[in-house]
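Naming convention: chains lettered A, B, ... in sequence-line order (proteins, then strands); numbering from 1 in each chain.
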Amino acid sequence: MPHELPKAYDPTAIEDHWAEYWVKENLFAQATPEDKPGAAPFTILLPPPNVTGRLHMGHMLNQTEMDILTRWHRMKGRPSLWLPGTDHAGIATQMMVERQLTSEGKKRQDMGREAFVERVWEWKRHYGGAILDQMKRLGASVDWQREYFTMDERLSVAVREAFVKLYEQGLIYRGAYIVNWCPRCQTAISDLEVVYDEHKGHLWEIKYPVVDDAGKETGEFLTIATTRPETMLGDVAVAIHSADERYTHLHGKQLKLPLVGRVIPIITDDWVSLDFGTGAVKVTPAHDPNDFALGQRHDLPSINIMDGTAHINAEGGAYAGLDRFEARKKIVADLEALGLLVAVKDHVHNVGHCDRCKTIVEPRLSLQWFIKIQPLADKAIAAVKEGHIKFAPEMYEKTYLNWMENIHDWCISRQLWWGHRIPAWHCSTCHKITVSREDATKCAHCGAATITQETDVLDTWFSSGLLPVSVFGWPNLTPENRADFDAFYPTSLLVTGFDILFFWVARMIMLGCWFAEDVPLPDGSKRELKDSVPFRHVYIHALVRDANREKMSKTKGNVVDPIEVVQQYGTDAVRFTLASMASPGTDIAFNVARTEGYRAFANKIWNAARFIFMNVDKAAEAGIAVDQKTLGGMPVVAAYAPLEARWIVAELHATAGKVNQSLADYRYDDAANTIYQFFWGSFCDWYLEIVKLRLDFGETADKAVAGAALATLVQVFEAALRLLSPFMPFLTEELWHAVYDGEPPAKSIALTQYPKAAFADEDARKAMSLLQELIVEVRALRKEIGVEEKASVPIEVRTSAIDQQFITANSSIVERLARVSEVRFASEIAVGLSKHSTPEFDVAVVYEREIDVASDRSRLIKEIAEKEMHVANADRQLNDPGFTSKAPAKVIEGRKRQRDESQRVLDKLRSELAALPPA
RNA sequence: GGGCGGUUAGCUCAGUUGGUUAGAGCGCCUGCCUUACAAGCAGGAUGUCGGGGGUUCGAGUCCCUCACUGCCCACCA
């Protein structure tokens, strides 16, 4: 059956088909391995994208890396599970649906909670799968049968169990604390969800009148400095440093708060710095974290002056109802009118914004739920310090530990409607809280039925932090249904970006270690920390930036849409681009020029396949076929096989060895470049050109030679496809099926064996490199002296007897690749011929030419200078007793050999220069 | 303020524990439609490895210092 492939590779023509095929055939579904698996499973969780998400370059990098590793491990024979899912993404999703409502002129508050949540579910059912569909299109080899959503029933059970357990352990508390509040989202957010931006603001200096015990102004003032004058409405004191001599006389005195009229104390606290502002700090416990701490130390009241939307509330008197920034303006103006505004200074400071909606965050006192995190952090620190979890690149371990060692309690409540509702009930009779795994119907303390469920939901990261345990069935691990957990927990690896190192990675480690430790090992013994970790390795990748190294952002308009690039260049080319640039620790400047190059690479392989199939078909006509049973492993060749066969097989093994090592080290770049170099540089540029000599299926040809050559050709190509397939799954799938001409031994190349190094042939590699050197020198000479491209010319070679023999044996290769009509050996290159010299040989092309003495001379002078330098450097070193006495013998030996080679070439070059006719 | 990176060819980046003459892709120059591939083939040019100092027989690689640059954490009103 003839193989027919179009002349140019068109990825769009094949990719959709294979993407669908992989999903439809469920090729990557990974059953739970038996009790005694042959190889340890490779397990990896997909960092669940938000249901609202669209695939961006960061996802694609992340997924390419995971897919390469998963396919690689799978092909190496490990049961490999890559588990996909999506995250309900509390704030993001709620925002999305709210926006939709706004466009319909509706508000969630009008619909009520239940209807709104139903609306979000509807939205999710409709649009929530978009990003996973995109993943399917990219060929991600995940197990779609295990797909989850973080609000699925079984995951919700885990969330509830985790909350209740922590509460029972006394690690969850509820209280009024200063939290970061987003007035737009109208919810508390965690410290991590606040991003700070440098902001050119002002420092307002305001004088507060000092009053005597009777409340009468003494005529003296204390000037405070603030960046947020509107918060003065909630001032309850002014603090000064006890050692501040400017204010010693004011200790114990009181002030009258302007605009409000409240009398507030002057307190001393050494937290106040002497050299900032005026040395006097207004204290607003309800609206500033430092002031809150100060307020607690001095037992001061807290006056909350803002509502959830950051408008001034009734506590603000005349300013009630104003937005915080309008209030600021008005207050500053009023103070100025009263003559109390001393100065307005420019002041650059950091302002916190909501990570989601970029609204300026308002620190606000409110009632929230927290996790007492230290006990969990302690385990998480130990897990990493004791080496149970390893980071790559290693430097992230420091970042992680630094954060973990300075961790604050985690505010886990959100005033949202979309999310896991906190399983706590408030009793209106005894005012106590009931926390329960089941929906409570009566108060656990007084038994009253007058209970209502907490309205807050949990931080989304609380549920995603539990994923490593919850996706495998925790907490419902009975002896009958714990096979998944036993087989796959801890997972092998986590691949993710540093942007969620604290959000997600750190939380998974804390929660995973905490909860898994209670699950006994399969043999019933106690699970130690080492086996409680959620994953054993973490690979952190960099950011994908645009071609100018700018961060991609919608506002800048420089976002590269992976789907668009994929449509233009093919998924494989984009994947290869990302892989080849993914060196650990460095951001990727995504440049389509690179992708263009890898599309060319795909095309190169495509055409190599066309060439091979063409010959397979020709051979078939001559009654020669390649035995398919010889495919699928690692080719070997007999010692008497032609040089190029021995060489390419040796190269293949060496390449496989390097690629395996590189992937084990997360060096996707090295792995990709090694394959690229092998396929293009060795297989196509040299081997295919040489093997053409053997592929003669004509009547008079030696069929044994041709058949053997064809067999090696196809074997090496088939193995190379397998080597490449984790990187370019589509192209290799297509060509691999074509190799087997419709009768493949497996459903997919992804289910075959990954090549591994099992054979070496240094002699062949050395011999081949001599031949290559000779050919390259002849080509260069031809170019220099202007031999027409098509002309075949004789060459003269001076070399050792043994190399003469070797070159003679392979003269047909030299003749074909360098367009040589005849190889002549000589004891001296004929005078008048331009020659090139290497340590092994001198070579000249026999050709009538215009001698360009000037250019020959300048070339020779340059080369001589270079060699002289090499020799001089080597001599200096070799004559240095320090070097000869201390350097290892191997290095000295190499240096000597190298010096002699340079010297030999130098002598040749000098005589050549001397032989040139005068200018 | 604390911490962590980066600085190597015109551009984007490799360069493993210090060891021969520092590499790749793209771009550039020259010549070729050589029947797998012009998305190709062949040949070629290009680097005081950010500056300075030190350790060493030997430094792109280790140490110190300076400069520039990026990021993370903290959040003195």
Query raised in the report: Any idea how A:His347 and A:Phe276 line up, ring-wise: parallel (<30°), tilted (30 to 60°), or perpendicular (>60°)?
Result: perpendicular
Query - With A:Trp403, the ring-ring contact (aromatic ring centres under 6.0 Å, His included) member among A:Phe498, A:Phe502, A:Tyr396 - result: A:Phe502
Query raised in the report: Between B:A77, B:A14, B:G44, which one does the side chain of A:Ala780 approach most closely?
Result: B:G44
Report task. Tell me whether the OP1 or OP2 atom of B:A77 has a side-chain N or O from A:His287 closer than 4.0 Å. Result -> no
Query raised in the report: Does the B:C75 base have a donor-acceptor partner in the side chain of A:Asn350 within less than 3.5 Å?
Result: yes
**Report entry** A:Arg594 side chain, from C-beta outward: closest of B:A42, B:U12, B:C71
**Finding:** B:U12
Requested in this report: Would you give a per-nucleotide map of nucleotides 1-9 of chain B, 5' to 3', where B means the base has a protein non-hydrogen atom under 4.0 Å away, S means only the sugar-phosphate does, and - means neither?
Outcome: ---S-----
Report summary line: A:Ala887 has its side chain closest, among B:A36, B:A77, B:G19, to B:G19
Requested in this report: In whole angstrom, give the distance that lies between atom CH2 of A:Trp680 and atom P of B:C37.
Outcome: 14 Å
Report summary line: A correct 5'-to-3' footprint of nucleotides 28-34 of chain B, with B, S and - meaning base, sugar-phosphate only and no protein heavy atom under 4.0 Å, is --BBSSB
Report task. Using atom types as modelled and distance alone, determine if a side-chain donor or acceptor of A:Asp288 lies under 3.5 Å from a backbone N or O of A:Thr284. Result -> no
Requested in this report: Report the nucleotide, chosen from B:C26, B:A39, B:A77, that has the shortest atom-to-atom distance to any side-chain atom of A:Ala8.
Outcome: B:A39
Requested in this report: Return yes if the base of B:A77 and the side-chain atoms of A:Glu205 contain a donor-acceptor N/O pair under 3.5 Å, otherwise no.
Outcome: no
**Report entry** Base-pairing mate for B:G1 - Watson-Crick or G-U, with both contacts under 3.5 Å
**Finding:** B:C73
Query raised in the report: Which nucleotide sits closest to the side chain of A:Lys7: B:G43, B:G40, B:A38?
Result: B:A38
Query raised in the report: Is B:A67 paired to anything, Watson-Crick or G-U wobble with both distances less than 3.5 Å, and if yes, which nucleotide?
Result: B:U7
**Report entry** 4.5 Å side-chain heavy-atom contact, A:Glu901 and A:Arg897
**Finding:** yes
Query raised in the report: With both distances kept under 3.5 Å, what pairs with B:G43, Watson-Crick or G-U wobble?
Result: B:C29
Report task. Rounded to the nearest angstrom, tell me the gap between atom NE2 in A:His349 and atom P in B:A77. Result -> 7 Å
Query raised in the report: In whole angstroms, how far is the P atom of B:G25 from the OH atom of A:Tyr569?
Result: 19 Å
Report task. Examine A:Tyr668 together with A:His541 and report whether their ring centres are nearer than 6.0 Å. Result -> no
Report task. Name the orientation class of the two ring planes belonging to A:Tyr676 and A:Phe576 (parallel below 30°, tilted from 30 to 60°, perpendicular beyond 60°). Result -> tilted
Query raised in the report: Does B:U20 have OP1 or OP2 sitting under 4.0 Å from an N or O in the side chain of A:Lys896?
Result: no
Query raised in the report: If you find the nucleotide of RNA chain B closest to A:Arg610 and the one closest to A:Val281, which residue's nucleotide is nearer the 5' end?
Result: A:Arg610
Report task. Grab the CG-C1' distance between A:Asn673 and B:G15 for me, whole Å please. Result -> 12 Å
Query raised in the report: Starting at CD of A:Gln677 and ending at C1' of B:A14, how long is that distance when rounded to a whole Å?
Result: 13 Å
Report task. State which of B:U20, B:C71, B:A36 makes the closest approach to the side chain of A:Met614. Result -> B:A36
Query - Nearest-neighbour nucleotide for the A:Asp685 side chain, B:A42, B:A77, B:A39 considered - result: B:A42
Requested in this report: Consider the side chain of A:Arg667, meaning its heavy atoms from C-beta on, and name the nucleotide among B:A14, B:U12, B:A39 that approaches it most closely.
Outcome: B:A14
**Report entry** A:Tyr196, nearest nucleotide to its side chain (from B:U12, B:G40, B:C75)
**Finding:** B:C75
Query raised in the report: Under the 3.5 angstrom rule, does the side chain of A:His287 hit a backbone N or O of A:Pro285 as a donor-acceptor pair?
Result: no
Requested in this report: Please state whether the rings of A:Tyr687 and A:Phe683 are parallel, tilted or perpendicular, taking 30° and 60° as the class boundaries.
Outcome: tilted
Report task. Send over the distance from A:Phe292 CZ to B:A77 C1', rounded to a whole Å. Result -> 17 Å
Query raised in the report: Between A:Asp669 and A:Ser580, do the side chains contain an N or O donor and an N or O acceptor separated by less than 3.5 Å?
Result: no
Report summary line: When rounded to whole Å, the CZ to C1' distance for the pair A:Phe601 and B:G40 reads 15 Å
Report summary line: From CD of A:Glu689 across to P of B:C37 the rounded distance in Å is 11 Å
Query raised in the report: Any chance the side chains of A:His349 and A:Glu198 put a donor and an acceptor closer than 3.5 Å?
Result: no
